[in-house]
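Structure first, commentary second.
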2 protein chains.
Amino acid sequence: MSVIEEKCKKKGVRLTEQRRVIAKVMSDSKPTFGSKDHPDVDELHKRVSLIDKRISIATVYRTLKLFEESGIIERHDFKEGKSRYEPSTDEHHDHLIDVNTGEIIEFVDKDIEELQIKIAKKLGYNLIDHKLELYGSKKK
Amino acid sequence: MSVIEEKCKKKGVRLTEQRRVIAKVMSDSKPTFGSKDHPDVDELHKRVSLIDKRISIATVYRTLKLFEESGIIERHDFKEGKSRYEPSTDEHHDHLIDVNTGEIIEFVDKDIEELQIKIAKKLGYNLIDHKLELYGSKKK
DNA sequence: CAAATCGATGATACATTATAGCAATTATGC
DNA sequence: GCATAATTGCTATAATGTATCATCGATTTG
Ligand SMILES: [Zn+2]
Ligand SMILES: [Zn+2]
Ligand SMILES: [Zn+2]
Ligand SMILES: [Zn+2]
């Protein structure tokens, strides 16, 4: 059983054959370091179709929304207009996008997380969420 | 003459009657502290129409794109799907969005800017651009 | 000054991403 | 197994933004 299927069970999200396939594909999407996973809906539909080509794009959209609202996956809107998805991780991370290759590098930085909380506080706010994306080109 | 009209002249961006109106509206959009300006295309078209109701939404789109590509204004994609605009400022700033009211608070923080450069460098990248948005609720 | 030229405009068609409606199918609880 | 409720696939629709194209208007050329 895939990691995401297990999380669905734990959270009481009903599973169907289609959702199980989408869960499997999402679970397998974890990027090895250096890759650029975080697939978009079309890419996911392609991967899903390799397992069962009768699953419609509408179901992919609906299931991703369901998983996202249940906190099982995360949606990102990088600079493209379309959403990209990844399985939720235990430890929060942010992203650096290689502007030349599109490669996505994940990073964790405690200092910048704390700094954001501090900035919000100074402005009189409690930080609820944040978006941090770095765009860069490889040093030579 | 509006601030943005002046910048157009300086950069050699050709001005028309329509563009002058849009430049004026954008120039007037600078938020006083506490406001939530950074208007979207529809809002801008509304404001533009008050001055000249024959200006089409297509021209607003085209002119905003032109101004943006010339570095005269900046486009932001907050969490809504539609773009919002503001005049470019001398000093770079980031945004905190009040999740309850939609209010947008601008802030400048040298430390977080430097930290981002440092993080990119550590990953082997030169930082070219970044997106930093804080979402929070007012402390009571 | 008139003609030719070139870019900008307005209206509309189209593209893209995503959601909504609905009949048919599937899963669930008894 | 049967009734009920949720889910699916298909398609239509919504929302945001871009492309097309005939027309307009400004500018240059002779
Ligand atoms: Zn973060
Ligand atoms: Zn990630
Ligand atoms: Zn910044
Ligand atoms: Zn701003």
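Throughout, a chain's letter reflects where its sequence line sits, starting with A, and its residues are numbered from 1.
Between B:T16 and C:dA8, a side-chain N or O to OP1/OP2 separation shorter than 4.0 Å is absent. Listed pair A:R19 / D:dT7 meets the phosphate criterion, a side-chain N or O lying under 4.0 Å from OP1 or OP2. When the side-chain nitrogen and oxygen atoms of B:S83 are compared with OP1 and OP2 of D:dT16, none of them lie within a distance under 4.0 Å. Residue A:K65 places at least one side-chain N or O under 4.0 Å from the OP1 or OP2 atom of C:dT19. Contact between the side-chain N/O atoms of B:Y61 and the OP1/OP2 oxygens of D:dG17 is found at a separation under 4.0 Å.
Summarising the geometry, the separation between CZ on A:R84 and P on C:dA18 is reported as 12 Å, rounded to the nearest angstrom. If you measure from atom CG of B:D40 to atom P of D:dT16, you get 8 Å, rounded to the nearest angstrom. Atom CD in A:E17 sits roughly 11 Å away from atom P in D:dG9 (whole-Å rounding). Here D:dC10 presents its P atom at 13 Å from NZ of A:K53, a figure rounded to the nearest Å. In this entry the distance linking CG of B:L44 with C1' of D:dT16 reads 15 Å, nearest Å. For the pair B:I55 CD1 and C:dA11 P, the computed distance is 12 Å after rounding to whole Å. As a whole-Å value, the separation of B:K82 NZ from C:dT17 P is 19 Å. Rounded to an integer number of Å, the gap from NE2 of A:H45 to P of C:dA18 is 14 Å.
Nearest-nucleotide positions on DNA chain D place A:T63 closer to the 5' end than the other of B:D77 and A:T63. Of the two residues contacting DNA chain C, namely B:R14 and A:R14, the nearest-nucleotide position lying further toward the 5' end is that of B:R14.
The shortest heavy-atom contact between B:S70 and B:K11 is O-NZ, 3.2 Å.
At a threshold of 4.0 angstrom between heavy atoms, the contacts of B:R62 include nucleobase atoms, whether or not backbone atoms are also involved. Heavy atoms of A:I57 sit nowhere under 4.0 angstrom from any nucleic acid atom. Residue contacts for A:Q18: at a heavy-atom cut-off of 4.0 Å it reaches the sugar-phosphate backbone alone, with no base atom in range.
Of the possible polar contacts, none joining the B:T59 side chain to the B:I55 backbone as a donor-acceptor pair under 3.5 Å is found.
Note: A:F78 and A:H95 meet the aromatic proximity criterion, with ring centroids under 6.0 Å apart.
Tested against B:R75, the residues B:E69, B:E86, B:E68 include a single side chain to side chain donor-acceptor pair (under 3.5 Å) partner, B:E68.
Comparing D:dG9, C:dT12, C:dA18 by their nearest atom to the side chain of B:A58 picks out C:dT12.
The cationic group of A:K79 lies under 6.0 Å from the six-membered ring centre of A:Y135 and within 45° of the ring axis, placing it in a cation-pi geometry.
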